[in-house]
Amino acid sequence: MAVVDGHSLTLPARTVIDLARTLPFEQAVVVGDAAVRRFGISREDLDTELAHAARRHGVDAARRVVRFVSGHSDSVGESRSRVMLSSAGLPAPSQQGEVFEPGGRRIGRVDFHFGGIVLGEFDGRVKYGRLLKPGQSPGDAVFAEKQREDALRDLGFQVVRWTWDDLGSPGLVAERVRRAVARAGSPRGWVTQAPLPSAERLTVRSL
């Protein structure tokens with residue numbers, strides 16, 4: 001058992017498996033991504049819980065979720081985007097890429113990238129709220145985001161954006177990504193993997 005905010009709960013890995021056995025795939029991925037990112041759950045932790053659940057209903061569905069979860073998803077929209085891109089038949093993109101110009105100056109972070117040449121961004125309204133700096137208005141954040149995208153395009157990167165509404169049209173988003181890959185050249189910058197955040201520590205109690 002773990003204690004979170006004063007409440008006794010099953011350990012995060014066990015909770016992910018229990019939900020993955022019972023929830024629809026997309027919902028289970030959203031929960032799994034968030035738990036892996038927040039609590040630093042390892043694949044070994046999940047495999048151990050899968051072994052314990054081997055005779056329980058829904059374990060095959062849970063195995064599929066475990067193969068798919070990623071601690072690099074930073075929001076519900078990003079988790080749902082990964083499911084959408086997979087359902088459209090696209091290869092799994094890399095996540096949380098730090099983009100640099102040739103001189104080594106960091107331009108910013110992107111949600112996804114395909115081969116370091118096509119950058120993917122999920123645009124949820126909440127995202128711009130998270131981008132706000134002290135004294136900034138939402139309009140300031142949107143303008144700064146536009147300037148960042150202009151800098152990325154100037155380096156030769158292709159940028160594809162999608163929204164909440166687009167998550168229901170995977171074929172359309174996939175076609176935009178494929179067109180971007182087809183017209184992409186060799187960008188002058190590069191993309192590296194951003195590190196995962198520090199895992200939240202839990203108080204664990206034995207029963």
Closest non-hydrogen atom pair between [X] and [Y], with its separation:
X: Leu85; Y: Phe114; result: CD1-CZ, 4.1 Å
X: Val65; Y: Ala28; result: CG2-CB, 3.7 Å
X: His57; Y: Arg21; result: O-NH1, 2.7 Å
X: Ser79; Y: Ser73; result: OG-CB, 3.4 Å
X: Phe157; Y: Gly116; result: CE2-O, 3.2 Å
X: Ala88; Y: Pro170; result: CB-O, 3.6 Å

Let me confirm one number: the [atom1]-[atom2] distance from [X] to [Y], rounded to the nearest 0.5 Å.
X: Ile17; Y: Thr10; atom1: CD1; atom2: OG1; value: 11.0 Å
X: Glu175; Y: Ser169; atom1: CD; atom2: OG; value: 13.0 Å
X: Arg176; Y: Arg178; atom1: CZ; atom2: CZ; value: 13.0 Å
X: Arg38; Y: Leu196; atom1: CZ; atom2: CG; value: 15.5 Å
X: Thr22; Y: Arg56; atom1: OG1; atom2: CZ; value: 12.0 Å
X: Arg183; Y: Gln158; atom1: CZ; atom2: CD; value: 4.5 Å

Between Glu121 and Val160, does the side-chain contact (heavy atoms from CB on, under 4.5 Å) criterion hold? Intermediate values first, please.
CA-CA 6 Å; Glu121 290 279 79; Val160 180; over 6 Å; no
Side-chain contact test, heavy atoms from C-beta onward, threshold under 4.5 Å: evaluate it for [X] versus [Y] and give yes or no.
X: Arg106; Y: Val99; answer: no
X: Thr15; Y: Leu9; answer: no
X: Val118; Y: His113; answer: no
X: Val30; Y: Val83; answer: no
X: Met84; Y: Arg80; answer: no
X: Asp111; Y: Asp74; answer: no

Charged N to carboxylate O under 4.0 angstrom, [X] versus [Y]?
X: Asp60; Y: Arg64; answer: no
X: Asp33; Y: Arg37; answer: no
X: Glu149; Y: Arg161; answer: yes
X: Arg82; Y: Glu26; answer: no
X: Arg153; Y: Asp150; answer: no

Give the C-alpha distance, both sets of side-chain angles, the deciding distance and a yes or no for side chain to side chain donor-acceptor pair (under 3.5 Å) between Ser42 and Asp45.
CA-CA 5 Å; Ser42 69; Asp45 295 333; 3.1 Å; yes
Carefully, step by step, assess Leu172 and Asp166 under the rule side-chain contact (heavy atoms from CB on, under 4.5 Å).
CA-CA 8 Å; Leu172 294 178; Asp166 294 325; over 6 Å; no
Cluster check [X], [Y]: I/L/V/M/F/W/Y, side chain < 4.5 angstrom:
X: Phe39; Y: Val31; result: no
X: Val110; Y: Phe100; result: no
X: Val29; Y: Leu19; result: no
X: Leu155; Y: Val181; result: no

Answer yes or no: is there a donor N or O on one side and an acceptor on the other, between the side chain of Arg148 and the main chain of Arg109, under 3.5 Å?
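Yes; judged by distance alone, with no hydrogens or angles, the pair exists.
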Please determine whether side chain to side chain donor-acceptor pair (under 3.5 Å) holds for the pair Gln193 and His72, giving the CA-CA distance in whole Å, both sets of side-chain angles, and the decisive distance to 0.1 Å.
CA-CA 10 Å; Gln193 176 70 68; His72 290 287; 3.3 Å; yes
Check for me whether the distance between the ring centres of Phe112 and Trp162 falls short of 6.0 Å.
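Here the rings of Trp162 and Phe112 have centres that are less than 6.0 Å from each other.
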According to the interplanar angle, ranging from 0 to 90°, do the rings of Trp164 and Phe122 count as parallel (below 30°), tilted (30 to 60°) or perpendicular (above 60°)?
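Correct class here is perpendicular.
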Do Arg63 and Leu50 pass the side-chain contact (heavy atoms from CB on, under 4.5 Å) test, and can you show the C-alpha distance, the side-chain angles, and the key distance before you say yes or no?
CA-CA 7 Å; Arg63 290 192 182 101; Leu50 277 174; 3.9 Å; yes
Is there a side-chain contact (heavy atoms from CB on, under 4.5 Å) between Val191 and Glu98? Walk through the geometry before answering.
CA-CA 5 Å; Val191 187; Glu98 299 279 7; 5.9 Å; no
Return the set of residues passing ring pair (Phe, Tyr, Trp, His ring centres under 6.0 Å) with Phe68 (not counting sequence neighbours), or none when no residue passes.
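Scan of Phe68 (ring pair (Phe, Tyr, Trp, His ring centres under 6.0 Å), adjacent residues dropped) gives Phe25.
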